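These numbers were taken from a predicted model, which means no experiment stands behind them. Lettering follows sequence order; numbering is per chain, from 1.
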Number of protein chains: 2
Amino acid sequence: MNLKQLSEQLGLSQTTVSRALNGYPEVSAATRLRVEAAAKESNYHPSTRAKGLATGRALAIGHVIPMSTKHEMVNPVFGDFIAGAGETYARNGYEMILSIVDDSNEDQIYRSLKLRRAVDGVIVHGPRIDDPRIALLSEIGMPFAVHGQVTHNVLPYTFLDVDNHDAFATATDYLFDLGHRRIALINGLETMDFAYRRRSGYEASLRAHGVAIDPALMRSSEMTEVLGYESARDLLGNSNAPTAFICASLISALGVRRAIEERGLVMGKDVSVITHDDMLSYLQNGGETPIFTATRSSVRTAGRRLAESLLHAIEHPNNPPQETILKCEFVVGHSTGPAPRKDEHGF
Amino acid sequence: MNLKQLSEQLGLSQTTVSRALNGYPEVSAATRLRVEAAAKESNYHPSTRAKGLATGRALAIGHVIPMSTKHEMVNPVFGDFIAGAGETYARNGYEMILSIVDDSNEDQIYRSLKLRRAVDGVIVHGPRIDDPRIALLSEIGMPFAVHGQVTHNVLPYTFLDVDNHDAFATATDYLFDLGHRRIALINGLETMDFAYRRRSGYEASLRAHGVAIDPALMRSSEMTEVLGYESARDLLGNSNAPTAFICASLISALGVRRAIEERGLVMGKDVSVITHDDMLSYLQNGGETPIFTATRSSVRTAGRRLAESLLHAIEHPNNPPQETILKCEFVVGHSTGPAPRKDEHGF
DNA sequence: AACCATACCCAAAGCGCTTTGGAAGCCATT
DNA sequence: AATGGCTTCCAAAGCGCTTTGGGTATGGTT
């Protein structure tokens, strides 16, 4: 069933039917009702492709997932993020198109999406420090919205980010308040902008408490259980081991916990752990009462809201870019406690 | 730059340029080369939409993700699966479109995708026992491929699955060989087809070893760390606790390990654990040597291969459906060992 | 010299929609 | 009775591509 058939069946022109269906005013209430009823009854759905051709709009948003050899981006956060974004698209009649691409020709993909007019805009995932994509997308005139921020960037752009600096400063402050002085940071890859900001929040708190920044207490790697475990195992093996850990991800934190327990220590008593928690649907930080003390912010909500910002930017190209920064919630779980007295474990 | 402009620039007709670019034989090698060079140089990319309109093909594959209130499907497996499928699409000039939809109007979405001619086919994720989608898609004439199988279904369909029955029977057999008799199953939701098959593999092994099936040793829930932990904690608290666990997912297994360690027991010595491992890129089962003994099969490879099957089915509608069953690899890690003697822990 | 393949190429229709630029009908004003 | 302003509708062009149904040289055969 297409427009032509529908209009013939109704004895109207395609113009009128199209207008009735799209809410234009040039059609009487009576005919509009009649048209809408007929459309529903004969299960008429306009072809997205034809519509797109005619209007010049794709009614689709692209998500480009760089798939480095390091796999960093096919990450657990992604599933929840697009679930959130998908809600927004569904509500607004947009489609989500996904491109998995290896880093080498990321440029290519964006250019190609633009030239083929395949999407009306894109979401930029996993921004790195000084990320070149901002400049690229601005240059080719593709509307975009960034999940995160881009340090050193001077161009204006739409983004949504959690306040990573604040979250990690708060977490570090909290540990200081509990009496900890040697606090380790198990960070994500610091080429990623979010990891850079988290570290700077951590360092700011250290400075504020007059504690020297000790590179030996900081690790930066992909946020996997195994790497969290290995980092913590090494750190706990040192003579001057930390009494607390701050983790960039719940997954790393699981690894850290394993290393702690493996040494016969008790998390929350001998060693404290705070983690950032993206509130992933399948990896929850306990039930009612959280296991880990955490800074948390739902990545799914982030997806929903950033998609809204992007659609807004597409529909109002002249408005200034929307910038959203979400504060994390700080929740206290069982993984933190007062710093142990030095003699207790022979430190 | 569009076809018209390109052809004018070349002094050729649109027909010839189109044919040259699409590899039709009616054009001389010389002009073809000339056209291709010009296309590359002026960065010509045909509009997918226009192409689709003209050919009647969408050049896109749909992935519909049912987003139940239980979040089961926005699951960690999904990210890797689509990364794999994406590789196939990229190689074949297809786009992947994702629809997040809540279960109530899943029908709607499939019908709508069909009527709007938005995709050439769909991948069915997370098939349930007796899944109604097979019948629906067959009825509306939408090509599809299932990630998994559908028990009780009689219609022919294209699918790819791991041999879940075999994998879990093998795992259970292995534990019997180590002397275990009380083996718990921490399964996924048994409305899901894969979980049903895993359980039947487990039960088959039990029967083969003359051990009664004990419902008290079997749990079925979403595969989260917390639920894995709680199940194991409860089971280990019983007077007649299991000496071994089989988990449906590495994430559950992490929870099981936590419960084991919390009781001061040692995994691989006091209690054995085998898990199924989807080889997710961000959640690996150790490095060189696996932590958990596991049945494993890359879900990413599954994505790549199932997408190939679907494209094949689309291009050769009359061929019989491709059915692929992948055997799992069985790897031995540190999480399994001989069953402890009864008196050791007061069992 | 006339004929026929063969190799190249083209004009135009069509895919399903939106949108421009009217036209027709109707009523109230002058 | 002519004018003008609404309301309601329509024919046709156009979005960028593919594909049908040709046409025109070119060169080899009789």
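Taking the six-membered ring where the residue is Trp, A:H125 and A:H63 present tilted rings, their angle falling between 30° and 60°.
When distances run from any side-chain atom of B:L12 to the nucleotides C:dC10, D:dT18, D:dT19, the shortest one goes to C:dC10. Here the side chain of A:A50 is nearest to one of C:dG16, D:dC10, C:dC10, namely C:dG16. Considering only side-chain atoms of B:Y44, the nucleotide from D:dC15, D:dC17, D:dC9 that sits closest is D:dC17. In this structure, the nucleotide among D:dC17, C:dC9, C:dT18 sitting nearest to the side chain of B:T31 is C:dC9.
Here B:S18 lies in heavy-atom contact (under 4.0 Å) with a base.
For the side chain to side chain contact (heavy atoms under 4.5 Å, CB included) test with B:P143, the passing option among B:V119, B:L137, B:T158, B:I314 is B:I314; the others fail.
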Polar pairs (N or O, both sides) under 3.5 Å between protein and nucleotides 21-27 of chain D?
| from | atom 1 | to | atom 2 | distance (Å) |
| --- | --- | --- | --- | --- |
| D:dG21 | O6 | B:R19 | NH2 | 3.4 |

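Atom pair B:E26:CD and C:dT6:P shows a separation of 15 Å (rounding to whole Å applied). Distance CG (A:L21) to C1' (C:dC17): 12 Å, rounded to an integer number of Å. Between the NZ atom of B:K51 and the C1' atom of C:dC17 there is a distance of 21 Å, given to the nearest Å.
With sequence neighbours left out, A:A90 forms a side-chain contact (heavy atoms from CB on, under 4.5 Å) with no residue at all.
The overall bend of the helix from C:dA1-D:dT30 to C:dT30-D:dA1, read as the angle between its terminal helix axes built from five base pairs each, is 70° when rounded to 10 degrees.
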